[in-house]
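Structure record follows, encoded as structure tokens.
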Amino acid sequence: METFVNKRSCTDDAPTISQRKKMKLKREERMKQEEDAEEDEDAAASEFSHPVPWQKIEAEGLDCDYALLFSKKEADHLFNHLEEEVMYSTGEEAKVQVFGKVYNIPRKQATYGDAGLTYTYSGVTRLACPWTPTLEYIRDAVTKTTGQTFNFVLVNRYKDGQDHMGEHRDDEKELDPLCPIASVSLGAARDFIFRHRDARGKQSCRQIEPVKLELAPGSLLLMNAPTNTFWYHSLPVRKKVLLPRINLTFRRILLKCKK
């Protein structure tokens with residue numbers, strides 16, 4: 001009895017020329033997709049991977065870092081967006097308490113941040129409004145550059161050089177002492193002055209020179225610990241400044257203080 005063996009050549013299982021072309025196209029398409037995905041990841045990772053040229057500012061008990069985070073063009077673009085998005089405080093929220101007396105704030109203010117956060121300073125407690133798209137963008141840029149995370153921002157708008165901010169320290173108990181305060185400036189350049197707590201007023205007990213800076217549009221100033229323990233800072237009146245300025249001070253509020 002004959003036994004028939006089904007013999008198949010190796011070509012029987014081999015893909016046809018048409019199939020091979022399809023397989024090659026699929027493989028190339030998959031490789032292209034993988035390359036595109038890698039490029040997207042690299043772009044996201046490298047957006048702020050080139051370290052900005054930091055300038056170290058130091059004195060006794062003062063530790064700050066200064067850099068230009070945004071170009072003048074982008075800074076102007078962000079300023080215009082904030083002009084449309086930010087809603088500033090009015091009425092009682094536009095006042096501060098100093099040594100028991102209530103004063104109108106000589107600038108516009110607003111507070112934004114994570115849901116439910118509040119911040120108390122100058123005798124007034126303010127609730128954070130939800131982040132706007134532009135504030136989120138700037139916050140994320142600061143985070144990518146510094147490696148620090150922030151959940152709150154205080155927005156100050158100065159209509160011109162007449163609007164100002166008096167000497168004070170950002171040393172409220174709600175603030176995380178391990179996190180620097182990140183100050184982003186947009187709009188007009190303004191002078192910014194640090195003064196040591198032992199060298200203030202008529203009762204000063206030491207002669208320590210103040211530290212003076214000009215905060216350019218697009219700049220980022222990091223106030224690291226223990227700066228706000230020993231140094232007061234202010235934005236003085238400058239009558240020759242005719243243009244508006246927006247300043248954003250990003251902070252990290254301790255959640256355990258919000259029970």
Side-chain angles (χ1 to χ4, degrees), residues 55-66 89 92-111 118-126 150 152-185 188-216 219-241 245-254 257:
Q55 176 186 350
K56 176 62 75 173
I57 302 167
E58 294 179 303
E60 180 187 327
L62 185 145
D63 180 4
C64 293
D65 296 289
Y66 178 82
S89 301
E92 291 301 313
E93 288 190 350
K95 298 180 180 181
V96 293
Q97 191 176 97
V98 181
F99 299 118
K101 294 184 178 181
V102 177
Y103 299 90
N104 291 322
I105 299 174
R107 59 194 175 278
K108 288 185 177 180
Q109 281 192 332
T111 51
T118 60
Y119 182 44
T120 301
Y121 61 97
S122 300
V124 180
T125 298
R126 289 177 170 83
F150 304 90
F152 188 91
V153 64
L154 175 63
V155 185
N156 282 295
R157 186 187 188 279
Y158 304 83
K159 69 179 185 300
D160 54 29
Q162 295 283 3
D163 280 4
H164 60 281
M165 177 179 62
E167 288 187 346
H168 69 286
R169 292 180 294 176
D170 296 322
D171 58 354
E172 290 78 15
K173 67 179 185 300
E174 295 106 313
L175 298 178
D176 185 343
L178 300 179
C179 181
I181 291 178
S183 173
V184 175
S185 297
R190 290 290 295 267
D191 292 338
F192 190 76
I193 300 177
F194 287 102
R195 196 180 304 277
H196 196 280
R197 67 182 185 183
D198 294 338
R200 297 177 67 240
K202 297 179 181 179
Q203 304 300 321
S204 61
C205 58
R206 302 175 62 193
Q207 286 195 349
I208 302 176
E209 288 297 314
V211 177
K212 300 180 181 180
L213 311 173
E214 182 184 72
L215 301 181
S219 67
L220 168 62
L221 176 68
L222 285 184
M223 290 185 278
N224 307 304
T227 301
N228 273 292
T229 299
F230 298 102
W231 291 80
Y232 286 72
H233 56 271
S234 65
L235 193 90
V237 171
R238 291 292 183 261
K239 295 181 180 180
K240 293 183 179 180
V241 176
R245 170 182 185 259
I246 293 177
N247 177 247
L248 312 172
T249 47
F250 293 92
R251 305 141 192 266
R252 185 158 68 227
I253 293 179
L254 295 169
C257 292

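Please read these numbers as outputs of a predicted model, since none were measured by experiment.
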Modelled atom types, side-chain donor and acceptor of D171 and T229, under 3.5 Å: no

Main-chain N/O of P236 paired with R190 side-chain donor or acceptor, under 3.5 Å: yes

Cation over ring face, R200 and Y232, 6.0 Å, 45°: yes

R195 versus W231, closest heavy-atom pair with distance: C-CE3, 3.3 Å

Exercise: do Y119 and E172 side chains pair donor with acceptor under 3.5 Å: yes

Donor-acceptor contact present, side-chain S185 to main-chain S219, <3.5 Å: no

Non-hydrogen atoms of C179 and F150 that approach each other most closely: SG-CE2, 3.6 Å

Nearest-0.5 Å distance that lies between atom CZ in R251 and atom OG1 in T111: 10.5 Å

OG1 on T227 to CZ on F194, rounded to 0.5 Å: 6.5 Å

Pair E60 + R206, salt bridge at N-O below 4.0 Å: yes

Pairwise distance CD1(I181) to CG(L221) - rounded to 0.5 angstrom: 10.0 Å

Distance, nearest 0.5 Å, that separates CZ of R107 from CG of D163: 8.5 Å

Ion pair D160/K239, N-O distance below 4.0 Å: no

For A199, side-chain contact (heavy atoms from CB on, under 4.5 Å) partners two or more places apart: H196, I208

I57 CD1 to D65 CG distance, which is reported to the nearest 0.5 Å: 8.0 Å

Where A110 and S89 come nearest, the two heavy atoms and their spacing: CA-OG, 4.3 Å

Nearest-0.5 Å distance, CZ of residue R245 to CZ of residue R157: 12.0 Å

Trace of the side chain to side chain contact (heavy atoms under 4.5 Å, CB included) decision for R169 with H233: CA-CA 6 Å; R169 292 180 294 176; H233 56 271; 5.6 Å; no

Closest non-hydrogen atom pair, H164 against L235: CB-O, 3.2 Å

